[in-house]
*Asks:* 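What follows is a structure written as structure tokens; I'll ask about it next.
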Amino acid sequence: MKYSDAELEILEAFENDEVEKAEFDNDNIKKMASQTYEKLNQKKQISINIKTSDLEFIKQKAKDIGISYQNIIQALLHNYTTGKLKINI
């Protein structure tokens, strides 16, 4: 395995006990994780044009299962963007 100059410098420092240990800051890690989670889950309002019949179908499905139709649309988009849903176009 070939190491870069920077990696070799780190490895040498580690082997010579020249590496400074950093304090484990659990509170800071939790804060950063929370900020990351919030950033990834931010929502943006959009406006789209869809066929009335499609919207009515989604609204009826949402009513049948007791959730908002927006949640169904969000789930469809999320499942598509994460590769859980394939669309034939």
Side-chain angles (χ1 to χ4, degrees):
M1 178 179 277
K2 201 169 194 176
Y3 294 106
S4 69
D5 290 340
E7 291 170 325
L8 287 171
E9 186 179 331
I10 293 169
L11 183 58
E12 185 179 331
F14 182 77
E15 289 173 343
N16 294 328
D17 261 344
E18 297 170 352
V19 177
E20 293 181 33
K21 293 183 180 177
E23 291 296 319
F24 184 76
D25 186 354
N26 197 38
D27 289 337
N28 195 34
I29 291 172
K30 285 181 182 178
K31 179 181 174 186
M32 288 188 294
S34 175
Q35 290 170 340
T36 301
Y37 180 80
E38 289 172 14
K39 179 69 176 172
L40 292 174
N41 286 299
Q42 286 179 345
K43 294 183 180 181
K44 177 155 181 72
Q45 185 174 355
I46 62 169
S47 176
I48 60 172
N49 293 318
I50 62 174
K51 292 182 355 184
T52 302
S53 59
D54 291 340
L55 181 58
E56 293 305 318
F57 180 82
I58 290 171
K59 284 183 174 183
Q60 186 58 53
K61 287 288 187 185
K63 185 178 179 184
D64 291 348
I65 59 177
I67 63 172
S68 74
Y69 73 93
Q70 293 98 333
N71 284 352
I72 290 180
I73 295 170
Q74 287 175 23
L76 288 168
L77 289 171
H78 178 73
N79 286 339
Y80 175 72
T81 60
T82 57
K84 296 175 186 172
L85 174 68
K86 302 292 182 205
I87 298 176
N88 296 324
I89 300 176

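Owing to the predicted nature of the structure, the values given are computational and were not obtained by experimental measurement.
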*Asks:* With rounding to the nearest 0.5 Å, note down the distance linking CG in D25 to NZ in K31.
*Replies:* 10.0 Å
*Asks:* Looking at CG of L11 and CG of N16, how far apart are the two atoms once the value is rounded to the nearest 0.5 Å?
*Replies:* 9.5 Å
*Asks:* For D5, look at atom CG and say whether over 12 heavy atoms of other residues, nucleotides or ligands are found less than 6.0 Å away.
*Replies:* no
*Asks:* Starting at CD1 of I72, measure out to CD of Q60 and round the result to the nearest 0.5 Å.
*Replies:*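 Here the rounded value is 10.0 Å.
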*Asks:* Within the supplied structure, the quantity of interest is the number of heavy atoms (other residues, nucleotides, ligands) at a distance under 6.0 Å from E9 CD; does it exceed 12?
*Replies:* no
*Asks:* Using a 3.5 Å distance criterion without hydrogens, assess whether the side chain of S34 forms a donor-acceptor pair with backbone atoms of K30.
*Replies:* no
*Asks:* Look up atom CE in M32 and atom CD in Q35, then write down how far apart they are to the nearest 0.5 Å.
*Replies:* 8.0 Å
*Asks:* Shared ILVMFWY cluster between F14 and Y3, side chains joined below 4.5 angstrom?
*Replies:* no
*Asks:* When you look at CD of E7, are more than 12 heavy atoms from neighbouring residues, nucleotides or ligands closer to it than 6.0 Å?
*Replies:*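 Above 12, so yes.
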*Asks:* Report the distance from atom NZ of K59 to atom CD1 of I73, rounding to the nearest 0.5 Å.
*Replies:*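 One finds 9.0 Å between NZ of K59 and CD1 of I73.
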*Asks:* Where is the tightest heavy-atom contact between L85 and Y80, given as atom of each residue plus distance?
*Replies:*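 Minimum heavy-atom contact is O-CD1, 3.5 Å.
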*Asks:* In this structure, would F57 and Y69 fall into the same cluster of hydrophobic residues linked by side-chain contacts under 4.5 Å?
*Replies:*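 No.
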*Asks:* For S68 and A62, work out which heavy atoms get closest and say how close.
*Replies:* C-CB, 3.7 Å
*Asks:* Decide yes or no on side chain to side chain contact (heavy atoms under 4.5 Å, CB included) for F24 and I29, but give the supporting numbers first.
*Replies:* CA-CA 9 Å; F24 184 76; I29 291 172; 3.6 Å; yes
*Asks:* About how many Å separate CG of L77 and CD1 of I46, when rounded to the nearest 0.5 Å?
*Replies:*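 Here the rounded value is 6.5 Å.
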